[in-house]
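To start, the structure under review is shown below, and the notes come after it.
Note that the coordinates shown come from a computational prediction; the quantities given were computed from them, not determined experimentally. Sequence positions, counted from 1, serve as the residue numbers for this chain. As the structure lists them, so they are numbered: ligands from 1, and atoms in each ligand from 1.
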Amino acid sequence: MDIEEQLPSPLQSVSHGLLKQKNIHLFIKRDDLIHDKVSGNKYRKLKYNLTKLKSEGILQVISFGGAFSNHIHALAAACQYTQIQAIGIIRGELDLNNPTLKYCTEAGMILIPVTRGAYRLKEKSLEVQRIIDLYPGAAVIPEGGTNELALYGVGEILDEIIMEPIPTPDYFVLAGGTGGTTAGLLNSDNLASKVICFSALKSDHLQHEILRLAHNRNEHLLIVNHDYHFGGYAKWNAELCAFIDQFETETNIPLDHVYNGKAMYGLMDLIEKNYFTEGSNIVYIHTGGLQGKNGLTYMQQKLE
Ligand SMILES: Cc1ncc(COP(=O)(O)O)c(C=O)c1O
């Protein structure tokens, strides 16, 4: 991709009272620092997708997302840098004051809203298909950027970690939505650790979806946890916000409220409950999503 990325992303040892008390070694793979606009798992997923499009001379790309989508935001930025025309099919009405969509427009993305019903069906709906037909030369990247090439890009997280002077982790921990990032880890030849995926969604299909995407590789290493979704996708409450504030103050590491705040809450809660044996080495993969913090502030102000 034609951007100035920070790679390998830093692997940071975390100091926190609870970790000390329980004798747990926690490292955070700071993929949120890869780039200020194209960061986290979005960078990993888009890297080979956009490189391939460019090499094939495809200069238009269509993808899908909600009003505060990290994927849509990163795609808009990556396409602007790569000089590809991005078209975002957006769930529900378009509020162009929302900071995510405002940025996308400024970055040159064409935004087209569709009804929630059509969005659910994606290419199978007439409404969406008509939009796709308007751009016959465009490639379509799925929601969340999850496809085979995305998995390949995610696998590079492990290639980077293996070069670090730390013991082989007992666990990798990360947040899950479509399951693509977790599947990318499972699909890697370099995986020798358990992987705990904290679902940010209420749905119970995630395990099945991850294994489908990963072609059932390393199934025995996968643990999907559904206990920390806080009511479902993009739902939050005061307890979650207080946790994020407290974690950020203690570690200086920012967390979003849709994915990483929930997954880190889950991890810390399991540590508190002695889920991990003393001396365990855990690598938490920070998947980014920090642009969503502006969306949270925007929503909170709207509710006031
Ligand atoms: C910041 C962030 N973290 C985690 C995820 C979940 O990743 P995946 O959809 O690959 O499971 C997403 C959404 O894709 C995301 O935007």
So, do Gln129 and Ile132 sit near enough that their side-chain heavy atoms are less than 4.5 Å apart? yes
Numbered in order shown, the ligand 1 atoms found under 4.0 Å of a heavy atom of Gly289 are 1 (C)
Within a distance under 4.0 Å of any heavy atom of Gly177, pick out the atoms of ligand 1 and give their elements. 6 (C), 7 (O), 8 (P), 9 (O), 11 (O)
Which ligand 1 atoms, with their elements, are less than 4.0 angstrom from a heavy-atom of Lys42? 12 (C), 13 (C), 14 (O), 15 (C), 16 (O)
For Asn70, the ligand 1 atoms with a heavy-atom partner under 4.0 Å come out as 1 (C), 15 (C), 16 (O)
For the residue pair Trp236 and His257, categorise the inter-ring angle as parallel (less than 30°), tilted (30 to 60°) or perpendicular (more than 60°). perpendicular
With a 4.0 Å cut-off, would you call Glu143 and Arg120 a salt bridge? no
I'd like to check which ligand 1 atoms, numbered from 1 as shown, lie under 4.0 Å from a non-hydrogen atom of Asn41. 2 (C), 3 (N), 4 (C), 5 (C), 6 (C), 7 (O), 10 (O), 12 (C), 14 (O), 15 (C)
Looking only at protein heavy atoms, which one is nearest to atom 2 (C) of ligand 1, and what is the separation? Tyr259 CD1, 3.3 Å
What part of His71, side chain, backbone, both or neither, has a heavy atom within less than 4.0 angstrom of ligand 1? neither
Test: Lys122 cationic atom under 6.0 Å from Tyr119 six-membered ring centre, within 45° of axis: yes
Check each of Leu290, Thr181, Ile210, Leu201 against atom 10 (O) of ligand 1 and report the one with the nearest heavy atom. Thr181
Below 4.0 angstrom from a heavy atom of Gly176, which ligand 1 atoms are there? Numbered from 1 as shown, please. 6 (C), 11 (O)
Would you please classify the geometry between the Tyr171 ring and the Tyr275 ring as parallel, tilted or perpendicular, with 30° and 60° separating the classes? tilted
Atoms of ligand 1, numbered as shown, that sit under 4.0 Å from any heavy atom of Thr178: 8 (P), 9 (O), 10 (O), 11 (O)
Tell me whether Lys42 is salt-bridged to Asp31, with the criterion being a basic N under 4.0 Å from an acidic carboxylate O. no
Is a salt bridge present between Lys262 and Asp269, judged by a nitrogen-to-oxygen distance below 4.0 Å? no
Please verify whether a non-hydrogen atom of Gly40 lies at under 4.0 Å from ligand 1. no
